[in-house]
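For reference, the structure is listed below as structure tokens.
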Number of protein chains: 2
Amino acid sequence: MAIERRALREQVRDELLTRMRTGAVTPGEGINEVQLAAEIGVSRTPLREALIALETEGQIESESGKGFRFAALSAREFEELAPVISALEGLAIELSPPAKMQKLAARLAKLAAEFDSEVAAHSMIMTRDDEWHGVMLSACPNQRLLSLIATVRQSFHRYESLLVPNEAVMGRVAAEHAAIARCLEDGDIPGAKDALQANWVNGAKRILMQASSTYLTA
Amino acid sequence: MAIERRALREQVRDELLTRMRTGAVTPGEGINEVQLAAEIGVSRTPLREALIALETEGQIESESGKGFRFAALSAREFEELAPVISALEGLAIELSPPAKMQKLAARLAKLAAEFDSEVAAHSMIMTRDDEWHGVMLSACPNQRLLSLIATVRQSFHRYESLLVPNEAVMGRVAAEHAAIARCLEDGDIPGAKDALQANWVNGAKRILMQASSTYLTA
DNA sequence: GCTTGCGGTTTTGTATTCAGTATTCCTAGT
DNA sequence: ACTAGGAATACTGAATACAAAACCGCAAGC
């Protein structure tokens, strides 16, 4: 086993992300650095470093002198994220070698089918969704694009986790995966892109309608 | 005038960016924190915070224990950036209200024309290019998208600044601006997107061919 | 009654210190 | 001569300390 030594700031970053996704913190909430650092069990320095990293990713906001706060959730941003993700993932598919893509299609279809049957807990859905997209993107050679996608997906997942009922996510994910896999098996890249876009955008709309708007600010 | 008070880390970040763009540092070069901090005139803390922010933007790399280094320039990444930018900016155009877009078209055409005639220094070209794109994107309501574009453009500009002869940039920019403005005046969004994409991708290729590869690693 | 100025307190922003790790350079052994 | 080992050095990563700015409450004045 390759022993791994991760910087503290990375671990803190992950901890913060899970807290944000599990609802352990309320969106928009201000951050008291000493208190939070104590809670996590590190000093302020690595905490601040994690906060700064998350800030440039758009997950945390800050104001000079006022400190950091967890980014507020807004219906507006949620709707903004959908087209961005679909455009980026569509591009990723387009840039992937068609041959490789077609090979992946079978695996994707299988994963999509398994998905349906499985009674999945909320967190499990996310994990599976991430896994599926990981496979789909695994043929894309554009590293920079992949890293961007990862960032944006993080933001989106936060919304899904917090304000979306399980069944809705299930619905979006299942339909999306199946449709895309079908297109990819046929080598129909434009079709896959359309499916992606339709699912993301419509999915976001649908989700917003039934969202328990406890968290949303606007 | 609204008095502005920016955090030190922000100012350091800008300073680092200009150093990277003006070639004051060589790509891939390791960073000595104490030395660089002294040079800039701040302590290590805000410097590190700036470095971390730039790292999540992809402009700086780090390895645990080894510290930070300025991101190396690779032909590969340069080629990777082009399709990402064009996809994002294309999406931005698509999401902008057509009416507003058409209003902007005239201004864009005028700016593009001025551009040609002006004997522009290297830095001036960049400034004008930024300005032009700023106008083009000013009708896009998707904040998240705009912020992503800004980040990616930063990375791209670094390549252009360092390894591209003036005339080549001029060529790309002039052709791109004129073509896009024309399409937008006609309300031809798909055409504008195509023009964008063609210019970015071909431009990148052309630039790479004639690039003084002093800086490039691969 | 509402505003406004002041003192104290809390919290952030930055500097400094400490500890742990990588690197370098020298020495000793083959 | 060349390599392995180890001490010395330098630098990063994290913790702590300090300074400055923002918040809170209260009281005085309009």
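In what follows, every chain begins at residue 1, and chains take the letters A, B, ... in the order their sequences are listed. Bear in mind that the values here come from a model prediction, so they are computed numbers and not experimental data.
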side-chain contact (heavy atoms from CB on, under 4.5 Å) partners of [X], counting only residues at least two apart:
X: Ala92(B); value: Leu137(B), Cys140(B), Leu145(B), Ile149(B)
X: Val135(A); value: Leu104(A), Arg107(A), Leu108(A), Leu111(A)
X: Lys100(B); value: Pro97(B), Ala139(B)
X: Thr56(A); value: Ala53(B), Thr56(B)

Exercise for review: Decide whether Thr45(B) and Arg48(A) meet the rule of one side-chain donor and one side-chain acceptor closer than 3.5 Å.
Suggested key: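 The criterion, which ignores hydrogens and geometry beyond distance, is not satisfied for Arg48(A) and Thr45(B).
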Check your understanding: Where along nucleotides 6-12 of chain C does protein come under 4.0 Å, by heavy atom, of base (B) or sugar-phosphate alone (S), with - for untouched nucleotides?
Key -> -----SB
Just distance, no hydrogens or angles: give the donor-acceptor pairs under 3.5 Å from side chains in residues 59-66 of chain A, sequence neighbours left out.
residue, atom, partner, partner atom, Å
Glu61(A), OE1, Arg69(A), NE, 3.0
Glu61(A), OE1, Arg69(A), NH2, 3.3
Ser62(A), OG, Glu55(A), OE2, 2.7

Check your understanding: Does OP1 or OP2 of dT14(C) have a side-chain N or O of Thr45(B) closer than 4.0 Å?
Key ->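 The answer is no; no side-chain N or O of Thr45(B) sits under 4.0 Å from OP1 or OP2.
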Practice item. On DNA chain D, reading 5' to 3', which nucleotide is the first and which the last to sit with an atom under 4.0 Å from a heavy atom of chain A, could you check? Key: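 For DNA chain D, the relevant span reads dA14(D) to dC23(D).
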Review point. Who are the salt bridge (Lys or Arg N to Asp or Glu O under 4.0 Å) partners of Glu89(A), not counting sequence neighbours?
Key: Arg153(A)
Check your understanding: Got a sec, which residues hit salt bridge (Lys or Arg N to Asp or Glu O under 4.0 Å) with Arg19(B), two or more places apart in sequence or on another chain?
Key ->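 Counting only residues at least two positions away or on another chain, Arg19(B) forms a salt bridge (Lys or Arg N to Asp or Glu O under 4.0 Å) with Glu15(B), Glu39(B).
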